[in-house]
Protein chains: 2
Amino acid sequence: MRITIRDVSEAAGVSFKTVSRVLNKERHVRPATRERVEAAMKALNFRPSYAARALAGARSFQIALIYDNPSPYYVHTIQMGVRARCLKDRIRMIVQPCDLTSPALAAEIGGLIDETHVDGVILAPPLGDIAAVTDELDRRGVAYVRIAPGDPTAAEERVTMDDAAAAALMMRHLIGFGHVRIGFINGPLDHVSAQRRLEGYRSALAEAAIAVDDALVVAGGFDFETGEAAAGALLDGATPPTAIFAGNDDMAAGALAAAHARGIAVPDALSIAGFDDIDLARAVWPPLTTIRQPIHALAYAAADLLLDTDEGDAAGAVPDYELVVRGSTGVCRMG
Amino acid sequence: MRITIRDVSEAAGVSFKTVSRVLNKERHVRPATRERVEAAMKALNFRPSYAARALAGARSFQIALIYDNPSPYYVHTIQMGVRARCLKDRIRMIVQPCDLTSPALAAEIGGLIDETHVDGVILAPPLGDIAAVTDELDRRGVAYVRIAPGDPTAAEERVTMDDAAAAALMMRHLIGFGHVRIGFINGPLDHVSAQRRLEGYRSALAEAAIAVDDALVVAGGFDFETGEAAAGALLDGATPPTAIFAGNDDMAAGALAAAHARGIAVPDALSIAGFDDIDLARAVWPPLTTIRQPIHALAYAAADLLLDTDEGDAAGAVPDYELVVRGSTGVCRMG
DNA sequence: CTGTTAGCGCCTTCAA
DNA sequence: TTGAAGGCGCTAACAG
């Protein structure tokens, strides 16, 4: 049957409480005793029951990663980032995709907390901006960290980057090549990051004294299909853009497909730029110029913020975004 | 504080044991009583503690999904498939990436079982083919299902597809366009599916009486970078191929990048084909012709096999692979 | 520094 | 068809 701390305590010749102490790295255990217990644990191949620890104690050694995001690359990167940090403390990560449009969303997340006893929650975009969700978490007093939320309040419990500035950076890059009619494929507006990126788009145009043409701003859903459709709408319009800036790389890839389908040469007749620098940006042709978002680092930092007891300033370690020029805009000639 | 079955029992005017019965959908509860209890559970917003159930009972209502796979799309699709089935039975899915090359792999998985009390395990490729892992699981008597293993034994506990036949199908397609020198970028050989695909490559050539040139078979790692490098090696060789068949879509995308970087026109001077039909196949240009693998369905079926008590033949519901022609080979002209 | 006693929330016997 | 003990493996609060 299962090996318990009682088995370990017998093997080590101590009380089972001492084993518990060693397990929890508590102070006040003589080094020799500790070593004996650890040796016994190894010899018996002892593994503590997370269920029992959660039930008896105040912690469950589990955290939940919750998201509703249409980009597999993004989700995967977030998972890897959180996982990397969890591994350090032997914390289990409960991956929980959810449905943003469900009216029961907050209740479901609340239920998850109760059922699993998780010690904390990481909210991947755009969940950090859903008030119903954060309210539910606040009500329960569960610790949580939001990745890249748009809401400026509660600055201490989030890791973030400046989406507006990043988008403006890309826009200046495009404008620098002489583009005036630049289409923008925006993400869904319930992602606050999408709103911020749109702000950056607008401010950079204003900065260059280029009038904003609302017909050039179209909505997408952060995935390939909607990007393709949105780009199609732009390209089939009365006065199509000479460049398209997509709100993320999945949509940029869709835009490429739309251009190709219409026989529009990229980058000679049309520049396309993305945002995220997931692997997709390298997989498509021509290689996309994108804003590299430190997704993995953001996720790692979020987990760090949640797990760190000694208040290390994890957020400070998050690298900034950067513009990655890969030639699709760099060799652009005006259409 | 936490709402427990005791609170529910008081509200419903029954003993807490009766609440437990309702929770577990046991027989021998009068319908009226059951309804009263269910109403109380809803009114109090009761959520059972998974930890307590796991500790007290024989089940934990959790299963583990274990994988080591470099393709984010593949991993994401597998997760969604398993999750869809878990949702039906309110089973929690523990997502567990692992490291195939770790000498402690089996021990780590064994530890996971002990720590979490999971009721079963789903092994995504290539874990189903690692004897050390399946041995560890067998020793513990944990139920498990393998997704697309290469090993022909234990047919009842796996869901699978015929990789060799699928690869041969693609090869016949390429050969039908007149290709004779067809490069093959294989996946890592510790994926048995990679071995099977190579078999299909070889058998189709034999069938067409084309001699196999071992210089045309190169190794990749199932990701973009290795695909790019492998294709580069093929294209820079003495007598480059007129077509390249990559062992999965990520590598096919890499091959496209390698061709583009060398100014080789695809599909006019070189045909490229992939395998998997993840979104990547549509994102790249030209759109890849691929083998569509029913990844989601396989994952769903695997979970179904694990969770179904009444032995429904889930595996029978798995749709077969199919060849998806998108033009990159269809408009091929010989180089 | 170490051990004792009492639960955590639920399921598993048993008995009624 | 329901209820009453007992315990799952561990931690919390106390003693020593």
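Lettering of chains follows the sequences in order, A, B, ..., and the numbering in each one begins at 1. The structure displayed is predicted, hence computed values, not measured ones.
The interatomic distance linking Asn24(A) (CG) with dC10(D) (C1') rounds to 9 Å, in whole Å. What separates CG of Leu55(A) from C1' of dG7(D) is a distance of 12 Å, to the nearest Å. Taking atom NE2 of residue His28(A) and atom C1' of nucleotide dT2(C), one finds them 11 Å apart after rounding to whole Å. When the C1' atom of dC10(C) is taken as reference, atom OH of Tyr50(A) falls 22 Å away, rounded to whole Å. With rounding to whole Å, Arg34(A) atom CZ is found 13 Å from dT2(C) atom C1'. If you measure from atom CZ of Phe16(A) to atom P of dC10(D), you get 10 Å, rounded to the nearest angstrom. The CD1-P distance, from Ile5(A) to dT2(C), rounds to 15 Å in whole Å.
Nucleic acid contact class of Ala58(B) (heavy atoms, under 4.0 Å, all strands): sugar-phosphate only.
Here the side chains of Gln62(A) and His117(A) are not in contact, with every heavy-atom distance at 4.5 Å or above. In this structure, the side chains of Ser102(B) and Glu108(B) come closer than 4.5 Å at one or more pairs of heavy atoms.
Proximity of Thr18(B) to the phosphate of dT1(D): no side-chain N or O atom is located under 4.0 Å from OP1 or OP2. Phosphate contact (OP1/OP2 of dG3(D), side-chain N/O of Ser15(B), threshold under 4.0 Å): present. One finds a side-chain N or O of Thr33(B) lying less than 4.0 angstrom from the OP1 or OP2 phosphate oxygen of dT2(D). OP1 or OP2 of dC11(C) has at least one side-chain nitrogen or oxygen of Arg53(B) nearer than 4.0 Å. Side-chain nitrogen and oxygen atoms of Ser20(A) include none within less than 4.0 Å of the OP1 or OP2 phosphate oxygen of dC10(D).
Checking Thr101(A) against Asp99(A) by side-chain atom types alone, a donor-acceptor pair falls below 3.5 Å.
Separation of the Tyr73(A) and Tyr73(B) ring centroids falls under the 6.0 Å cut-off.
Comparing the local axis fitted to the first five base pairs of the helix from dC1(C)-dG16(D) to dA16(C)-dT1(D) with the one fitted to its last five gives a bend of 30°, rounded to 10°.
Along DNA chain C, the nucleotide closest to Val14(A) and the one closest to Ala56(B) are compared, and the more 5′ of them pairs with Val14(A).
The CD1 atom of Ile66(B) lies 10.0 Å from the CD1 atom of Ile122(B); values are rounded to the nearest 0.5 Å.
Judged purely by atom type and a 3.5 angstrom limit, Asp68(B) uses its side chain to pair as donor or acceptor with the backbone of Leu100(B).
Checked by distance alone, Arg47(B) brings no side-chain donor or acceptor within 3.5 Å of a matching partner on the base of dG9(C). Looking at Arg21(B), its side chain has no donor and acceptor atom pair within 3.5 Å of the base of dT1(D).
A salt bridge between Arg140(A) and Asp114(A) is present, with a side-chain N of the basic residue lying under 4.0 Å from a carboxylate O of the acidic one.
The side chain of Arg2(A) approaches dG9(D) more closely than any other nucleotide in the set dG9(D), dT11(D), dC10(C).
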